[in-house]
Structure formats: C-alpha cells, structure tokens
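Only one structure is covered here, and it is reproduced in the block below.
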There are 2 protein chains.
Amino acid sequence: MPDHKRAAGTRLGRRNDPDRRDRIIDACIEVVSRAGVAGTSHRKVAAQAAVPLGAMTYYFDGMDDLLREAFTRFATTISDRFERRMAAAPDADAAREAVIAIILEDVFGDDRELVLSHELYTLAARDRSYRSITADWMARSRAALERHFDPETARMLDALIEGLTIHRALDSQPRDPREVEIAVTRILTRGGEAR
Amino acid sequence: MPDHKRAAGTRLGRRNDPDRRDRIIDACIEVVSRAGVAGTSHRKVAAQAAVPLGAMTYYFDGMDDLLREAFTRFATTISDRFERRMAAAPDADAAREAVIAIILEDVFGDDRELVLSHELYTLAARDRSYRSITADWMARSRAALERHFDPETARMLDALIEGLTIHRALDSQPRDPREVEIAVTRILTRGGEAR
DNA sequence: AATGTGTGTGCACGCTCGTACACATAGAGG
DNA sequence: CCTCTATGTGTACGAGCGTGCACACACATT
C-alpha cells in the first residue's frame with residue numbers, strides 16, 4: 001500500500017525524503033508554466049523533480065491526477081495572496097485601491113501566473129472535474145471581496161477583475177492605468193439599476 | 001512550388017479539390033475543440049479532414065502554422081457575429097440589451113466555443129505570435145462597441161463581457177441573469193469618476 | 001504518343017511517450 | 001544475523017508522433 005494512500009498516523013517504514021511527492025507537484029507546476037499542459041510529460045516532471053520515472057506512476061494515478069493536484073496548489077497559492085491583500089485593507093476605499101493595484105500588478109507582473117491561470121481555465125472549460133478547482137478559487141475571491149462589498153457587487157467585481165486582467169495581458173498596446181480605476185469605480189457605484 | 005504559395009491568379013495544373021487546404025483548417029478547429037491543443041496531431045487532423053498524412057506538411061509548415069490559421073479563422077467567425085449583432089442595434093439602449101443577451105447566450109450556448117476561446121488565450125499567453133490574433137479580435141469587438149459607446153467605455157465593457165462570460169461558464173452554480181444586466185448598466189453609467 | 005514538370009502521396013525512420021512489472025533494498029520483528 | 005514485507009526503482013515494450021524523401025501521377029506541351 002503506497003504511503004500517501006495510508007491513513008495519516010500510521011507511519012511505517014518510511015525512509016527517503018518524505019516530501020518527494022510535494023516536490024513532484026511543484027515540479028509539475030514549473031514544467032506546465034514553461035511547456036504548457038500540452039508539453040508536460042511524466043518524464044519531464046520527473047527530471048525537473050529529480051526523481052526516477054517510476055515514481056510518477058507510483059505516487060500518482062496518471063497525468064490527470066497529478067495536474068489536478070498541481071493546479072489545486074497553484075490556485076490555493078494565488079487565492080491566499082488575494083485573501084491576504086483584501087484582509088489588509090482597513091475599509092472599502094482601501095479595498096477599492098487594493099483591487100486596482102492587484103489588476104495592474106498581475107498584468108505587468110509574472111507571465112508565469114498568467115500562463116498557469118489560462119492553462120487551468122482551459123482544462124476547466126473542457127473537463128468538469130477541474131471545474132471544482134476554479135469554482136473554489138472563485139468562491140474564495142468572492143468571500144474575500146465580501147469583507148468590504150455586498151455579495152452581488154463582489155461577484156461583479158470579481159468578473160471585472162478577470163476580464164480586465166486578461167484583456168490587458170493579451171492586448172498589444174499598453175493602456176492607461178486610469179481606465180482600470182474608472183471601471184472598478186463604476187462597478188462599485190450602485191446606480192439606478194433598480195428598475 | 002506549392003499551390004497556396006503561388007501568387008493568386010496564376011492557376012496552373014490545379015487538379016484535386018481546390019479547398020482541401022480549407023478543409024484541413026476546419027478539421028483542425030474541430031479536433032482542437034474535441035481533444036485540445038495538447039491532443040491535436042497531424043495524424044488526427046488528417047483523419048478528420050480525410051486527407052493523407054503527407055498533405056499536412058505539404059500545406060503547412062508545422063502545427064504552429066496550422067494552429068495559427070485555424071485560430072485566426074475561429075476568431076474571425078466569432079468576431080463577425082459580434083459585429084453583426086452590434087450593427088443590428090439601432091441605438092445605445094438596444095446595444096446594451098444586445099450585450100446582455102450575448103453574455104447570457106454565450107454561457108449557455110456551445111461549450112465548443114468556450115473551449116476554443118480558452119485554448120487560444122492559453123496559446124496567446126505563452127506565445128507572442130498568437131497575440132496578434134487575440135489583439136485583432138479585441139480591436140474588432142471594441143470597434144463594434146464604439147458604434148454606440150465612447151472608446152473608453154467600449155474597452156471597459158469589452159473586458160466586463162470577457163470576465164462575466166468566463167466566470168459564469170466556470171461557476172458551478174447558476175446565477176441570476178439580472179446580475180449581468182446590473183453589471184453592464186453600471187459600466188455604462190458614467191459617474192463621479194472625473195476627479 | 002512521348003516527354004517534362006510541378007503537385008501531391010505513402011512510407012518508414014527516429015523519437016518520445018505512459019505503463020507494467022520484475023526486482024532491489026531498507027528497516028522491523030524475530 | 002536472518003527473514004519478511006512494504007516501499008520504491010530500472011527497464012523494456014508498444015503505441016503514437018512529426019518529418020523527409022523517393023516516387024506516382026495528372027496534365028501541358030510538343
């Protein structure tokens with residue numbers, strides 16, 4: 001019985017480094033970010049993690065299983081950061097500015113995260129079983145926004161963040177940062193929508 | 001000299017069906033929508049298009065070349081439809097409703113287009129050379145929106161459409177369609193953003 | 001009818017891939 | 001120190017891949 005499938009607490013005969021499995025997951029994220037899901041293979045991940053090829057099938061039930069764990073970790077990491085930033089905002093106005101900063105920084109920041117997000121979305125769009133990862137991520141983002149805004153606004157704002165981030169990343173020419181500010185402000189302005 | 005590389009007008013010795021190349025491109029879109037870019041190969045596309053394997057390298061300089069043409073066609077198709085819908089709106093209010101309809105229909109509509117869009121975004125996120133496809137697509141969307149709204153609003157609205165579409169597609173639970181209406185209305189409402 | 005030319009094809013090579021399975025080995029229990 | 005067991009590894013197999021290239025074949029020209 002493989003170690004990772006045994007109930008926690010029964011530690012028996014464990015020898016090598018116990019976080020080899022973790023290393024494989026991290027290596028997988030790294031390989032995906034460089035080569036894409038299309039270019040990711042057991043062999044490349046094994047090489048990146050410096051583990052033998054046989055360890056791949058030993059620890060995971062195939063690429064899907066591995067990818068699921070890798071993207072779960074990735075989404076959790078991003079989600080944690082978002083939550084922390086939102087929690088750091090003392091009031092709604094600070095939260096508004098934090099959101100603007102996140103959009104602008106995520107765009108000009110690491111290409112790596114942009115790529116990984118899209119790889120995940122693509123998997124989720126095709127395969128229902130990845131959708132729980134994106135659903136959880138979205139749920140956490142919304143919960144973080146609901147510290148400062150009502151639930152409905154939080155959902156709209158979350159969608160706006162997504163769209164602005166994507167479009168600014170895929171745009172060929174740079175845009176005025178003030179546009180982001182204006183868009184966020186408009187979404188946060190409750191107007192004559194009660195009809 | 002391959003037919004497709006020859007200057008238009010010089011038709012010499014063309015024999016078989018002249019739109020074989022077109023069929024391959026369509027077949028590529030089809031295969032990508034079913035198997036993803038990751039699972040697309042010359043052989044699968046050839047089988048789908050019912051052309052011999054050798055035709056792949058004959059008509060295209062490799063998968064990248066083929067994918068670029070396939071996604072260009074896909075983006076153009078979607079873009080055309082969007083443009084037509086916007087052109088059909090007589091005034092700004094009708095345009096507003098058209099946008100709302102597009103968001104709601106695209107979500108509950110074909111999974112195929114959702115998947116293909118994400119596959120394209122993923123390629124564009126990783127590879128600069130695909131970015132001109134997405135950039136052109138965005139430019140056309142914005143131009144269509146600018147029939148009814150000012151350029152700045154058009155860009156914000158375009159981003160909002162993106163975000164709402166994605167989030168509603170990747171969400172696990174259904175949302176009230178009225179939220180879309182409210183979000184669009186807020187973006188279209190010019191408020192106290194002049195500061 | 002013979003010839004030439006450019007279009008398009010069939011095939012096989014070398015490669016990478018995931019997976020299965022025989023085997024090594026570390027540590028526990030005797 | 002020996003034995004047993006569960007953990008982990010090395011390897012080889014078959015499938016699927018892109019590509020290069022010799023070649024078939026339709027048609028224009030003579």
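Chain A is the first sequence line, chain B the second, and so forth, proteins listed ahead of strands; every chain is numbered from 1. Bear in mind that the values here come from a model prediction, so they are computed numbers and not experimental data. Note: hydrogens, waters and symmetry copies are ignored here, and every other heavy atom, side chains too, is used.
- Each of A:Gly54 and A:Gly39 was assigned the nucleotide of DNA chain C with the nearest heavy atom; the assignment lying further toward the 5' end belongs to A:Gly39.
- In this entry the distance linking CG of A:Asp65 with C1' of C:dT19 reads 15 Å, nearest Å.
- In this structure, B:Lys44 NZ and B:Thr40 OG1 are separated by 7.0 Å, a value rounded to the nearest 0.5 Å.
- Considering CG of B:Asp64 and CZ of B:Arg68, their distance stands at 5.0 Å, rounded to 0.5 Å.
- Distance B:Tyr59 OH to D:dT19 P: 17 Å, rounded to the nearest Å.
- In this structure, the CZ atom of B:Phe60 is 13 Å from the P atom of C:dG8, given to the nearest Å.
- For the pair A:Leu53 CG and D:dA12 P, the interatomic distance rounds to 13 Å; values are reported in whole Å.
- In this model, the phosphate group of D:dT9 is approached by a side-chain N or O of A:Arg20 to a distance below 4.0 Å at OP1 or OP2.
- Listed for the A:Arg142 side chain is no donor-acceptor partner under 3.5 Å among the backbone atoms of A:Ala154.
- Rounded to whole Å, the distance from CG on A:Asp61 to C1' on C:dT19 is 12 Å.
- Separating the OH atom of B:Tyr58 from the C1' atom of D:dA24 is a distance of 14 Å, rounded to the nearest angstrom.
- Following rounding to the nearest Å, A:Lys44 (NZ) and C:dC15 (C1') show an atom-to-atom distance of 13 Å.
- Atom P of nucleotide D:dT9 and atom CZ of A:Arg43 are separated by 16 Å, given to the nearest angstrom.
- Judged purely by atom type and a 3.5 angstrom limit, B:Thr122 uses its side chain to pair as donor or acceptor with the backbone of A:His118.
- When each of B:Ser41 and A:Ala55 is assigned the nucleotide of DNA chain D bearing its nearest heavy atom, the one mapping closer to the 5' terminus is A:Ala55.
- Checking the phosphate oxygens (OP1, OP2) of C:dT19, a side-chain nitrogen or oxygen of A:His42 falls inside 4.0 Å.
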